[in-house]
Each structure stands twice: as C-alpha cells, then as structure tokens.
Amino acid sequence: MAIIIKPLVTEKMTKITEKQNTRFGFVVRPDANKLEIKKEVEALYNVTVLDVNTMRYAGKSKSRYTKAGLLKGRTNAYKKAIVTLKEGDTIDFYSNI
C-alpha cells in the first residue's frame, strides 16, 4: 500500500483538528486517489472515513545569499489529504511516542 507518507502535525492542521475534532491531515503520494486514501486510513487506524478532501502543492524555487555565494534549491511538490471521520472516531498520532 504505502499511500500515506506521514500525518500532518502542523499548527494549521492542529487548529483545524481542535475546531472540528473529526478532521485529520495526511501527506499522501501524488498519484493516490480519494478511494485509495480512504481505504488505507480505515485499515491503518480502524476508523470510519466519511469524506476525503485532497490538495496538490507545487514545489517552489528558493534561493539565499551566503558567504559562499548564491545558493539555489527547490522544495518538494506534495499532495495533502484531509479526512473527515465518523462522529466519535478519533486518531491519536502521539500514542506510540
């Protein structure tokens, strides 16, 4: 499977989860579709997924000036999925820390 790369634990996603405690975010493979994402989340976390929203992010060019000169690079492109769970279901990302 390996459609889900990692869960999103950022300030913005934490704010969304606190507001609606049934929504969780994941970084997924760019070629994954909503049905595959739903199936994998349900299998990994034993929850019922009601809805999946996906967003694609393009990589951005970055440059910075250093003592050695101008350094250029590029950030990675990725796909983000926000899943809505059935009322009462939850995912605890911190349980195995």
Side-chain angles (χ1 to χ4, degrees):
M1 279 192 194
I3 290 172
I4 295 176
I5 296 171
K6 64 181 179 181
L8 267 178
V9 186
T10 59
E11 285 185 42
K12 188 174 185 179
M13 200 62 231
T14 305
K15 216 178 238 189
I16 290 171
T17 302
E18 286 174 355
K19 196 178 193 182
Q20 299 173 338
N21 58 358
T22 58
R23 298 189 74 160
F24 296 92
F26 297 94
V27 175
V28 297
R29 282 195 354 225
D31 59 339
N33 63 32
K34 293 182 181 187
L35 295 175
E36 293 172 337
I37 295 167
K38 177 182 177 178
K39 224 184 270 184
E40 182 148 340
V41 170
E42 287 177 343
L44 282 176
Y45 297 105
N46 294 328
V47 292
T48 304
V49 176
L50 297 179
D51 192 27
V52 178
N53 297 63
T54 58
M55 292 151 267
R56 298 181 73 132
Y57 288 91
K60 296 179 183 152
S61 296
K62 301 262 183 168
S63 62
R64 61 185 170 142
Y65 294 99
T66 63
K67 218 183 247 189
L70 181 66
L71 296 177
K72 292 185 178 182
R74 188 162 179 82
T75 60
N76 292 332
Y78 63 98
K79 187 173 190 177
K80 180 166 78 171
I82 298 179
V83 296
T84 305
L85 305 179
K86 187 179 77 172
E87 195 65 44
D89 284 351
T90 187
I91 299 173
D92 187 14
F93 294 131
Y94 305 107
S95 63
N96 56 1
I97 293 177

> Under a 3.5 Å distance rule, please check whether Lys79 uses its side chain to pair with a backbone N or O of Asp31 as donor and acceptor.
no

> Kindly write out the residues that satisfy side chain to side chain contact (heavy atoms under 4.5 Å, CB included) with Val27, not counting sequence neighbours, or none if the list is empty.
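For Val27, the residues satisfying side chain to side chain contact (heavy atoms under 4.5 Å, CB included) (neighbours in sequence not counted) are Ile5, Lys6, Leu8, Tyr78.
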
> Can you check side-chain contact (heavy atoms from CB on, under 4.5 Å) on Leu44 and Ile4, steps first, answer last?
CA-CA 10 Å; Leu44 282 176; Ile4 295 176; 4.1 Å; yes

> Answer yes if Met13 and Ile91 sit in the same cluster of Ile, Leu, Val, Met, Phe, Trp and Tyr residues linked by side chain heavy atoms under 4.5 Å apart, and no otherwise.
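No, no single cluster joins them.
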
> In terms of hydrophobic clustering (I, L, V, M, F, W, Y; side-chain heavy atoms under 4.5 Å; direct or indirect links), are Val9 and Ile16 co-clustered?
no

> Taking Glu36 for its side chain and Asn33 for its backbone only, find out whether a donor-acceptor pair lies under 3.5 Å.
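It does hold such a pair.
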
> Please list all pairs passing the side chain to side chain donor-acceptor pair (under 3.5 Å) test where one or both residues lie in residues 52-61, with sequence neighbours left out.
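Sorted pair list: Tyr57-Lys80, Ser61-Arg74.
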
> Using every non-hydrogen atom in the two residues, find where Lys72 and Ser63 come nearest and quote the distance to one decimal.
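Closest approach of Lys72 to Ser63: CG-CB, 4.1 Å.
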
> How long is the span from the CD atom in Gln20 to the CG atom in Leu85, to the nearest 0.5 Å?
11.5 Å

> For Thr90, check side chain to side chain contact (heavy atoms under 4.5 Å, CB included) against everything at least two apart and list the hits.
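Thr90: side chain to side chain contact (heavy atoms under 4.5 Å, CB included) contacts with Phe24.
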
> Which residues pass the side chain to side chain donor-acceptor pair (under 3.5 Å) test with Asn46, not counting sequence neighbours?
none

> Kindly indicate whether the side chain of Lys38, heavy atoms from C-beta on, has any atom under 4.5 Å from the side chain of Val83.
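Heavy-atom side-chain distance check fails, nothing below 4.5 Å.
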
> Check for me, please, whether Ile3 and Ile82 land in the same ILVMFWY cluster - side-chain distances under 4.5 Å, paths through other members count.
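Hydrophobic grouping puts Ile3 apart from Ile82.
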
> Tell me every residue that passes side chain to side chain contact (heavy atoms under 4.5 Å, CB included) with Leu50, counting only those two or more places apart in sequence or in another chain.
Lys86

> With sequence neighbours left out, what residues match Phe26 under ring pair (Phe, Tyr, Trp, His ring centres under 6.0 Å)?
Tyr45, Phe93

> Checking Asp89 side chain against Thr48 main chain: does a donor-acceptor pair fall under 3.5 Å?
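Judged by distance alone, yes, a pair lies under 3.5 Å.
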
> For Leu71, which fellow cluster members are found when Ile, Leu, Val, Met, Phe, Trp and Tyr are connected by side-chain heavy-atom distances below 4.5 angstrom, either directly or through intermediates?
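Hydrophobic cluster check, Leu71: no partners found.
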
